[in-house]
Engineer: 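Take a look at this one; I'll ask things after.
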Amino acid sequence: MHHANHYYGHSHVLARYCGLDPAEVHEIRGYLQHGWNIGDGMAPDHEFVPGIPLFVWSETTRRRAWSLGRRPVHVIGAPWAYLLAMEPAAPAEPREGTIYYPFHGWEGQRIVGDHGRLIDEIRATETGPVTVCLYWQEYRSPRLRRQYERAGFRVVCHGYRGGWYKDLDPGFLDRQLAEQRRHARVASNRLCSAVFYGILAGCEPAVYGDPMRLDGERSAFGGQSRIERQWAELHGPRVDPVLAGTVATAELGADRLLSPAELRHLFHWSPARASEGMNR
């Protein structure tokens with residue numbers, strides 16, 4: 001179905017969980033949420049065929065989708081939570097420093113903001129080494145990379161999101177998990193998927209700095225101001241990790257994971273091609 005189902009290797013992670021070959025592209029009969037948002041879980045620029053299922057991460061997202069007239073909607077949990085179920089952390093894994101995710105643009109919109117100001121805020125806040133993870137668009141800018149590197153930060157990119165069945169990256173989330181598990185803290189200038197991912201991966205979270213904006217950004221479903229109000233407790237240079245863990249579990253549906261058989265049934269994946277249980 002929709003090409004966005006394969007963003008960030010999401011369908012590949014779920015295929016691995018279901019015992020299918022994660023190197024292949026497995027079509028999902030429906031629309032899979034590919035990022036945390038405060039609406040119905042779907043990207044606002046996507047057109048949907050009525051009656052085709054939506055697969056969302058959490059119960060709160062399902063309720064919002066229903067209020068907008070979406071039918072049917074299934075809560076399955078985020079692919080990230082399935083990855084963590086398959087790849088538990090090693091005991092006493094050493095961690096150091098902060099991985100920071102600056103708010104990024106996408107193929108259709110660029111970021112408007114002052115990276116120099118953000119760098120100053122990061123340097124004034126963090127006491128340990130800092131890794132800055134840039135989206136692939138920003139990472140391709142040598143000028144921007146050098147700006148962060150001159151500040152003394154290590155600069156990485158987890159890979160391509162993929163799109164329209166090109167540049168698909170089955171290992172995207174695996175690289176992100178490996179990076180986050182190297183760090184004690186995860187931070188961003190906006191509450192986003194990467195922060196919630198880091199919380200579940202065992203990082204202390206923080207949300208601070210100039211939130212920047214997208215060129216032509218529209219405040220759908222209340223926008224950034226609503227996020228800052230509704231999740232105020234997750235904003236700031238220091239956040240209660242216990243509270244953050246409770247919120248992240250709910251927002252990513254980590255307590256709502258389905259069995260491999262249930263996912264294969266919902267996605268119309270043939271069990272004949274799958275081995276029973278998770279492929280660890």
Side-chain angles (χ1 to χ4, degrees), residues 1-2 4-19 22 26 28-44 46 48 52-68 70-89 101 172-174 176-177 180 186 188 190-203 205 207 221 226-227 230-231 233-234 239 241-269 277-278:
M1 295 295 291
H2 204 281
N5 293 344
H6 311 298
Y7 284 173
Y8 305 111
H10 284 170
S11 66
H12 300 276
V13 168
L14 296 176
R16 190 199 319 176
Y17 177 82
C18 288
H26 300 278
I28 296 172
R29 189 180 184 278
Y31 301 103
L32 175 66
Q33 180 178 347
H34 69 263
W36 180 78
N37 68 41
I38 60 173
D40 61 1
M42 301 293 122
H46 292 172
F48 301 101
I52 299 298
L54 270 60
F55 301 112
V56 300
W57 294 358
S58 71
E59 176 60 25
T60 54
T61 304
R62 184 196 66 79
R63 291 198 299 266
R64 290 196 297 262
W66 270 60
S67 72
L68 295 169
R70 306 286 196 202
R71 301 288 192 281
V73 185
H74 302 280
V75 178
I76 65 168
W80 180 262
Y82 288 93
L83 178 61
L84 290 178
M86 291 186 286
E87 303 292 342
Y101 293 86
F172 187 102
L173 292 185
D174 294 273
Q176 185 168 11
L177 179 58
Q180 290 193 346
V186 61
S188 178
R190 290 202 187 194
L191 187 60
C192 59
S193 300
V195 172
F196 284 121
Y197 289 178
I199 294 169
L200 286 193
C203 298
V207 179
F221 303 106
R226 177 191 157 198
I227 292 174
Q230 186 168 342
W231 290 275
E233 69 278 7
L234 297 185
V239 173
V242 175
L243 174 62
T246 300
V247 176
T249 296
E251 293 297 326
L252 298 185
D255 55 351
R256 296 292 301 271
L257 303 189
L258 303 183
S259 70
E262 289 171 317
L263 277 183
R264 292 196 300 264
H265 174 74
L266 284 176
F267 293 168
H268 290 235
W269 285 348
M278 293 184 292

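Worth knowing before you read on, the calculation uses all heavy atoms, side chains too, and leaves out hydrogens, waters and symmetry mates. Everything quoted here is computed from the prediction, not taken from an experiment.
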Engineer: Strictly distance-based, threshold 3.5 Å: is any side-chain N or O of Y31 a donor or acceptor partner for the main-chain N or O of A4?
Structural biologist: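 The answer is no, because no donor-acceptor pair under 3.5 Å joins these two groups.
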Engineer: Just jot down the side-chain hydrogen bond (donor to acceptor under 3.5 Å, both in side chains) partners of N37, sequence neighbours excluded, or say none.
Structural biologist: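 None.
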Engineer: Mark yes when over 12 heavy atoms from residues, nucleotides or ligands other than H265 sit less than 6.0 Å from its NE2; otherwise mark no.
Structural biologist: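 Atom NE2 in H265 is not crowded, with 12 or fewer foreign heavy atoms closer than 6.0 Å.
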Engineer: Tell me, please, which residues at least two apart from F267 pass ring pair (Phe, Tyr, Trp, His ring centres under 6.0 Å).
Structural biologist: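 By the ring pair (Phe, Tyr, Trp, His ring centres under 6.0 Å) rule, F267 matches F55, W269.
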Engineer: For a 4.5 angstrom cut-off between non-hydrogen side-chain atoms, does V13 reach F172?
Structural biologist: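 No, too far: nothing below the 4.5 Å cut-off.
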Engineer: What are the two closest heavy atoms between A250 and S58, and how far apart are they?
Structural biologist: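 Where A250 meets S58 most closely, the heavy atoms are O-CB, 3.1 Å.
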Engineer: In Å and rounded to the nearest 0.5 Å, what is the CG to NE2 distance from L83 to H12?
Structural biologist: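 Taking CG in L83 and NE2 in H12, the distance rounds to 13.5 Å.
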Engineer: So, do V56 and D40 sit near enough that their side-chain heavy atoms are less than 4.5 Å apart?
Structural biologist: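 Result no, sub-4.5 Å side-chain heavy-atom pair not found.
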Engineer: Would you confirm whether S193, through its side chain, and W36, through its main-chain N or O, come within 3.5 Å as a donor-acceptor pair?
Structural biologist: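 Checking the backbone N and O of W36 against the side chain of S193, a donor-acceptor pair under 3.5 Å is found.
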Engineer: I need the minimum non-hydrogen distance between V239 and A244, along with the two atoms involved.
Structural biologist: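 For V239 and A244, the tightest heavy-atom pair comes out as CG1-CB, 4.1 Å.
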Engineer: Applying ring pair (Phe, Tyr, Trp, His ring centres under 6.0 Å), can you list everything that pairs with H10, at least two apart in sequence or on another chain?
Structural biologist: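 Here the qualifying residues are Y8.
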Engineer: Walk me through it: do L177 and L173 pass the test side chain to side chain contact (heavy atoms under 4.5 Å, CB included)?
Structural biologist: CA-CA 6 Å; L177 179 58; L173 292 185; over 6 Å; no
Engineer: For L54 and Q33, run side chain to side chain contact (heavy atoms under 4.5 Å, CB included): C-alpha distance rounded to whole Å, both residues' side-chain angles, the deciding distance at 0.1 Å, then the answer.
Structural biologist: CA-CA 8 Å; L54 270 60; Q33 180 178 347; over 6 Å; no
Engineer: Walk me through it: do S11 and H6 pass the test side-chain hydrogen bond (donor to acceptor under 3.5 Å, both in side chains)?
Structural biologist: CA-CA 5 Å; S11 66; H6 311 298; 2.6 Å; yes
Engineer: Roughly how far apart are N5 CG and H26 NE2, rounded to 0.5 Å?
Structural biologist: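 These two atoms lie 13.0 Å from each other.
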Engineer: Counting only N and O atoms by type, is there a donor-acceptor contact under 3.5 Å from the side chain of R16 to the main-chain atoms of M86?
Structural biologist: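 No, because the side chain of R16 does not come within donor-acceptor range (under 3.5 Å) of the backbone of M86.
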Engineer: Enter the distance from I76:CD1 to L263:CG here, rounded to the nearest 0.5 Å.
Structural biologist: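 The distance works out to 5.5 Å.
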Engineer: For T246, give me all partners under side-chain hydrogen bond (donor to acceptor under 3.5 Å, both in side chains), at least two apart in sequence or on another chain.
Structural biologist: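 Here no residue qualifies.
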Engineer: Minimum heavy-atom separation for L200 to A248, with atom names?
Structural biologist: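 So the two residues come closest at CD2-CB, 4.1 Å.
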Engineer: About how many Å separate OG of S259 and OH of Y17, when rounded to the nearest 0.5 Å?
Structural biologist: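 Reported value, rounded in 0.5 Å steps: 6.0 Å.
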Engineer: Applying salt bridge (charged side-chain N to carboxylate O under 4.0 Å, His left out), can you list everything that pairs with R64, at least two apart in sequence or on another chain?
Structural biologist: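 R64 satisfies salt bridge (charged side-chain N to carboxylate O under 4.0 Å, His left out) with no other residue.
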Engineer: So, for P260 and C18, which heavy atoms are closest and what is the spacing to 0.1 Å?
Structural biologist: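 Heavy-atom minimum between the residues: O-SG, 3.7 Å.
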Engineer: Report the distance from atom CG of L257 to atom CG of L84, rounding to the nearest 0.5 Å.
Structural biologist: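 It is 9.5 Å, given to the nearest 0.5 Å.
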Engineer: Apply side chain to side chain contact (heavy atoms under 4.5 Å, CB included) to the pair V247 and E233, showing each step before the final yes or no.
Structural biologist: CA-CA 10 Å; V247 176; E233 69 278 7; 4.2 Å; yes
Engineer: For the NE2 atom of H74 and the CG atom of L258, what is their distance to the nearest 0.5 Å?
Structural biologist: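 Reported to 0.5 Å precision, the distance equals 10.0 Å.
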Engineer: Taking all non-hydrogen atoms of both residues into account, name the closest pair between V73 and R62 and its distance.
Structural biologist: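 It is CG1-CG, 3.6 Å.
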Engineer: Looking at I199 and P205, what are the two nearest heavy atoms and their distance?
Structural biologist: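 Scanning both residues completely, I find the closest heavy atoms to be CG1-CB, 3.6 Å.
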Engineer: Would you say Q180's side chain and A194's backbone share a donor-acceptor pair under 3.5 angstrom?
Structural biologist: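 Yes: the side chain of Q180 pairs with the backbone of A194.
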Engineer: Excluding sequence neighbours, so at least two apart, what forms ring pair (Phe, Tyr, Trp, His ring centres under 6.0 Å) with W66?
Structural biologist: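 W66: no ring pair (Phe, Tyr, Trp, His ring centres under 6.0 Å) contacts found.
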Engineer: List the steps, then state whether side chain to side chain contact (heavy atoms under 4.5 Å, CB included) holds for Y101 with V186.
Structural biologist: CA-CA 8 Å; Y101 293 86; V186 61; 3.8 Å; yes
Engineer: Are L252 and Y197 side-chain neighbours, meaning at least one heavy-atom pair lies under 4.5 Å?
Structural biologist: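 Counting from C-beta outward, L252 and Y197 do come under 4.5 Å.
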